[in-house]
Colleague: 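For reference, the structure I am asking about is given below.
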Amino acid sequence: METVTLTIDGTQITVPKGRTVLQAAIEAGISVPYYCYHPGISIDGSCRVCIVKIEKMGKLQTSCSTVCTDGMVVHTREADVVEARAGVFEFLLLNHPLDCPVCDKGGECPLQDFSYTFGPAESRMDFPRRVFDGEGVKADVDFGPTLMLNRNRCILCTRCVRFMKEVDGDAQIGIVDRGAGSEIATFEERGVHSLISGNLMDVCPVGAILTKDYRFKTRPWDNPGVVDTICTLCSKGCNTSAWLKAKPEWARGSQLIRMTPRFNADVNNYWMCDIGRFTYHWAEGDTRLRKPMLRPSTSPGQAPLEPAAWRDVEPKLRDRIQDAGSQDPASVRFLVSAHASTEELYVLKQLVEGLLGNDGARAVTVTWTRSDKRQPEGTKFKVPGTDAPNVNGAKDLGFEVGPGNEGMPDLTRLRTDVEAGRVKAVYVLDPGPDGSIGDVSWLVAARRSGTLPLLVVQGVLMTELAAAADIVLPGTAWVEKDGIFTNDQGRVQASSRAIAPPGEAREDWQILVSVARSLGLTMPYETSNDVRRALATSKPGTGYAEADHLLFTRPVPARNWLQASNPSERWKWDFLFQDLPPVKGHSVQMEGVPAQETSIPLKPVG
Amino acid sequence: MAYEPVLTKHCAARDGYTLDFYVKNQRGYEGLRKALALQPNDIIEQVKASGLRGRGGAGFPTGMKWQFVLKDTPKPKYICCNADESEPGTFKDHVLMERNPHLLIEGCAISCYAIGAKVAYIYIRGEFYHVQEVLEAEIEKAYKAGFLGRNILGSGFDCDVFVHRGAGAYEAGEETALIESLEGKRAQPRIKPPFPAVAGLYQCPTAVNNVETLCNVPLIVLNGPEWFASLGPEKNGGPKLFCISGHVKRPGVYETSMHTTLRELVFGEQFAGGMIDERPFKAIIPGGSSVPLLLEQDLDTPASFDHIQKAGSLLGSAGLIVMNDSVCAVWLAMNLLHFYRHESCGKCTPCREGTDWLFKLLLRLESGDGQPKDLDLLFGVSTNIVGKTLCAFGDAAATPVLSTMKLFRGEYEAHVREGRCTLPAPWRAAHPVVAAHQ
């Protein structure tokens, strides 16, 4: 790789050829502010706050648009740069409402943070601020089904405009009018209609574009825990951060408050889709299963399900499964969602092979759904059709998955057998959101009519299927357990336990292990990592060989408010903002800077 | 030595704009015929030798600009003719296009041949609708006569000229913004580099030239670079159009050499003919609204790029705005900032926010509500804009403030002190602009 060496603030830095000065500075940990630059979209050079002094160049240059050359000498902290930059910050804040206390971005806002560090001590503006849609809360206008727009806060960095044009592929956002009257707008105020619109809140460096989902729900310093995880709502497997809202005084513990994308150049880049971003409420919804449940009577529809203790459910389950399989073990069948993690599938495989021998996997039907995601043709972020994270994991373990991620699962064999009365028991593993195992009304009907004598549902929600079941076992959603999933590229990725399962719900691999043990099988697993270790040993030379070394993160407890506002969303703070909110009179990055430079008064020139 | 006009000699003739007249009286399209017999590079060399400098404002040597146009590329190349004449006080290109359109068409064709382009776009200002009608009709005639189109004059060279009408933005006169607008986007400047010569229209090598610049090209090819250079001072050769406006007896477009001094242009009988009502001269803006003012003492400067620059201003687009003693410096700055605030494209922060702020400050001063701190503030805001923007607009917008503050600070102070303008100003009384701005 060709490299160039340049000097920034006296430090020699070697970067690959083609990097801009700003990128070189960011990589070297030298703080240069920026708004219109975003590593995921094209360079605009319009916000002008990243100006630096480059020797042998007449004017101050925007570092975002200047490519590094050998021997370049760059200064970011000389008096004229500091003063010019402070001048640009003064311009940026002329019309920006100082409503940080009620702005959802307040506390994690680059405009706020960079202004503290690089802006002037005070503004000289004494005219009323420019106002577009009214003041205060009136200024929030609808910006499509997922977003709200506050034009008063906008600093016209045009990141959203470029995001829609370049990443989404449909340039729905534009600027209308010009000069000081410029405003962000969509055609006829129709708002943004896109499958990846939520990213606009992430690219917006101020509180102008906010998702309706996150608005007014929390403050950044009340989100002390952030967990690196992945999204499991489709086969793409976007890397995400699960944000937890919690206060020490809360009895109820932490609560999922939002999902944001985590940078992974190979999978999702800086982005995620709205389905993954906004579909997390079900994990903490009212329909969650919190206790095992039993139907007292064996005849269907006679008695309602009643909560029971695990210790009472397990023997009942064992007896009824043994009973159903007494004549033909193959009449016990499994319907498994591709939302199941590879650990769960691995345990399940050992379970069915223990019961049925080597072709036990034939008793398992893997299911998932597909949906049509309409996106512009030129989009750079394609959301796949398959709505399950682990079809490839099931395939790798030897389960039949038909066309795999490319098509629909084939449930006809199971359905024919059930409807013909050849199946005595169906055990369903459904750890995904409601509907993610497809249409199972035929199974519900078979149980209701008595064609199917036993239905066991191990799931997370009180679905129609669970309501028809004889035994319901509360499992866990993806944010409540450590699990690995194999996405459509064949990449093995980790999803981490961010919150505790509700009530008496157990991790699904654990439930399967207990079921297997009660049926007399040997399962030497105490933790989910034991399962991964066994999996790794059984599949040397594959993507699973290192499964037991995958990193599962835990919420990082906050030690002070400074850390609380930005703990583990590392890619963002390291690579996007490079900034920490300053503590009064002292900011980390100003360490070592002479005292008179730490505050930047705008003195009258000339 | 009396100067013989070459660009505008026949402007007053009733049918001076027609193809027949052009061919008969102006040796029309002989330059093109001569050029097609030469190698493209020879034409560039001739233009370089002539010292022709861009007439749009920056005065950059045209031959050099053409030489920068990438040669070894599979991409098509383009000539963009900048006819978005929007600089306040400038109205010369419009005369050329309306009264001598074939000179421009011939210039476009020769320039295309020189840089290896096959298409020239004339980006015409939105308000020049009547000019566009004339131009397009004459382009049609040129096509019919075989001066444009396929296999021009049997040389095998193809060239098309299209007229594209702008939507009325001053910023579209900036070369990269012009290209953006031509591509159908908002007229906002691009980051340079890459310069248009490398990646311009549709990311292809492009030369953007002013109307008057291109009109000079046939003359250079026809009469030779030495003739052209001999017309003016060193490095400032050729004929030059001057647009004189303001408080003069005969405002208008005058063609002369750049030997002519500002005093001759303002007071000369063959030019503007002196101050209206014989009121005293106060100041002159020599190059369109974006350049610093010059005073009486500077009037003996020859109106050439280099001399005016030495005097502390710029020739720019050669729009001479002459002002008598009734013009208040604060009002002047406010009036110009009203224009710049309205025309700022809004891309760069300093210009977008700064022009608005400057205008508000100037309006407050002009209305008599100014405070002493406003003067320092005006200066501070202006210097915060200068040099911090993508294109030259920011510098241009701050210039009226910085220049008037430098030359007429007393008037600013009087506005603060007295709460009103202290100039005897009958002309201003008849033009209550402040009310209109509010």
Side-chain angles (χ1 to χ4, degrees), chain A residues 20 35-36 42-51 58-62 64-67 80-81 83-96 120 123-130 155-158 161 165 171 174-184 602-606, chain B residues 167-172 185-194 339-361 363-364 371 373-395 397 402 405-406 409:
Chain A
T20 62
Y35 296 114
C36 66
S42 69
I43 288 165
D44 197 47
S46 62
C47 74
R48 316 304 288 179
V49 294
C50 69
I51 44 178
K59 294 201 295 184
L60 298 177
Q61 301 287 320
T62 47
C64 70
S65 62
T66 311
V67 177
D80 48 347
V81 184
E83 206 165 287
R85 194 162 51 201
V88 181
F89 271 100
E90 188 186 28
F91 284 132
L92 276 175
L93 287 178
L94 286 188
N95 290 304
H96 187 83
S123 175
R124 297 172 292 179
M125 175 80 162
D126 54 0
F127 293 100
R129 288 199 175 85
R130 175 187 60 220
I155 57 167
L156 290 165
C157 69
T158 67
V161 177
K165 189 175 161 197
I175 295 178
V176 297
D177 213 329
R178 69 179 174 218
S182 306
E183 49 185 302
I184 292 292
L602 255 192
K603 45 180 185 293
V605 190
Chain B
Y170 170 70
E171 182 58 14
K185 303 173 191 155
R186 282 169 71 82
Q188 292 192 325
R190 291 179 182 170
I191 300 171
K192 288 185 271 189
F339 171 79
Y340 285 112
R341 181 192 72 139
H342 181 69
E343 292 293 346
S344 169
C345 80
K347 183 165 181 169
C348 305
T349 309
C351 170
R352 177 183 69 234
E353 305 292 340
T355 50
D356 188 50
W357 195 5
L358 281 180
F359 173 69
K360 282 179 181 161
L361 284 170
L363 184 59
R364 180 158 81 186
Q371 298 150 25
K373 72 176 171 68
D374 285 357
L375 301 190
D376 281 349
L377 193 49
L378 269 177
F379 195 85
V381 174
S382 305
T383 46
N384 276 347
I385 302 175
V386 173
K388 317 253 181 343
T389 54
L390 260 175
C391 73
F393 189 109
D395 297 11
L402 292 173
M405 284 196 82
K406 185 176 155 207
R409 181 144 181 133

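Order of the sequence lines sets the chain letters (A, B, ...), proteins ahead of strands, with each chain counted from 1. Keep in mind that this is a model prediction, so the values were computed, not measured.
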Colleague: Below 4.0 angstrom, N of the basic side chain to O of the carboxylate: do A:Arg85 and A:Glu90 qualify?
Modeller: no
Colleague: Could A:Asp44 and B:Lys347 be called an ion pair, given the rule that one side-chain N must be under 4.0 Å from one carboxylate O?
Modeller: yes
Colleague: Taking NZ, NE, NH1 and NH2 as the nitrogens, is one of them in B:Asp356 or B:Arg352 under 4.0 Å from a carboxylate oxygen of the other?
Modeller: no
Colleague: In terms of side-chain geometry, is the basic nitrogen of B:Glu343 or A:Arg178 positioned less than 4.0 Å from the acidic oxygen of its partner?
Modeller: yes
Colleague: Please flag which part of A:Leu94 lies under 4.5 Å from any non-hydrogen atom of chain B: side chain, backbone, both or neither.
Modeller: side chain
Colleague: Give the member of B:Pro350, B:Pro189, B:Gly387 that has the highest number of heavy-atom pairs under 4.5 Å with chain A.
Modeller: B:Pro350
Colleague: What part of B:Val386 lies closer than 4.5 angstrom to a heavy atom of chain A: side chain, backbone, both or neither?
Modeller: neither
Colleague: When you look at A:Thr20 and A:Thr66, which way does the side chain to side chain contact (heavy atoms under 4.5 Å, CB included) test go after all the steps?
Modeller: CA-CA 5 Å; A:Thr20 62; A:Thr66 311; 6.0 Å; no
Colleague: What residue, out of A:Val67, A:Ile175, A:Leu60, has the most heavy-atom pairs lying under 4.5 Å from chain B?
Modeller: A:Ile175
Colleague: Check this for me: does any side-chain nitrogen of one of B:Arg364 and A:Asp126 sit under 4.0 Å from a carboxylate oxygen of the other?
Modeller: yes
Colleague: Quick check on the interface: out of B:Glu171, B:Lys388, B:Arg186, who has the most heavy-atom pairs with chain A under 4.5 Å?
Modeller: B:Arg186
Colleague: Check each atom of A:Ile51 against the heavy atoms of chain B and say whether the ones under 4.5 Å are side chain, backbone, both or neither.
Modeller: side chain
Colleague: Tell me, with the steps shown, if B:Ser344 and B:Phe393 meet side chain to side chain contact (heavy atoms under 4.5 Å, CB included).
Modeller: CA-CA 7 Å; B:Ser344 169; B:Phe393 189 109; 3.9 Å; yes
Colleague: Heavy-atom distance under 4.5 Å to chain A: side chain of B:Ala169, backbone, both or neither?
Modeller: both
Colleague: Using non-hydrogen atoms only, which part of B:Leu390 is less than 4.5 Å away from chain A: side chain, backbone, both, or neither?
Modeller: both
Colleague: Measuring heavy-atom distances to chain B, does A:Asp177 have an atom under 4.5 Å in its side chain, in its backbone, in both, or in neither?
Modeller: backbone
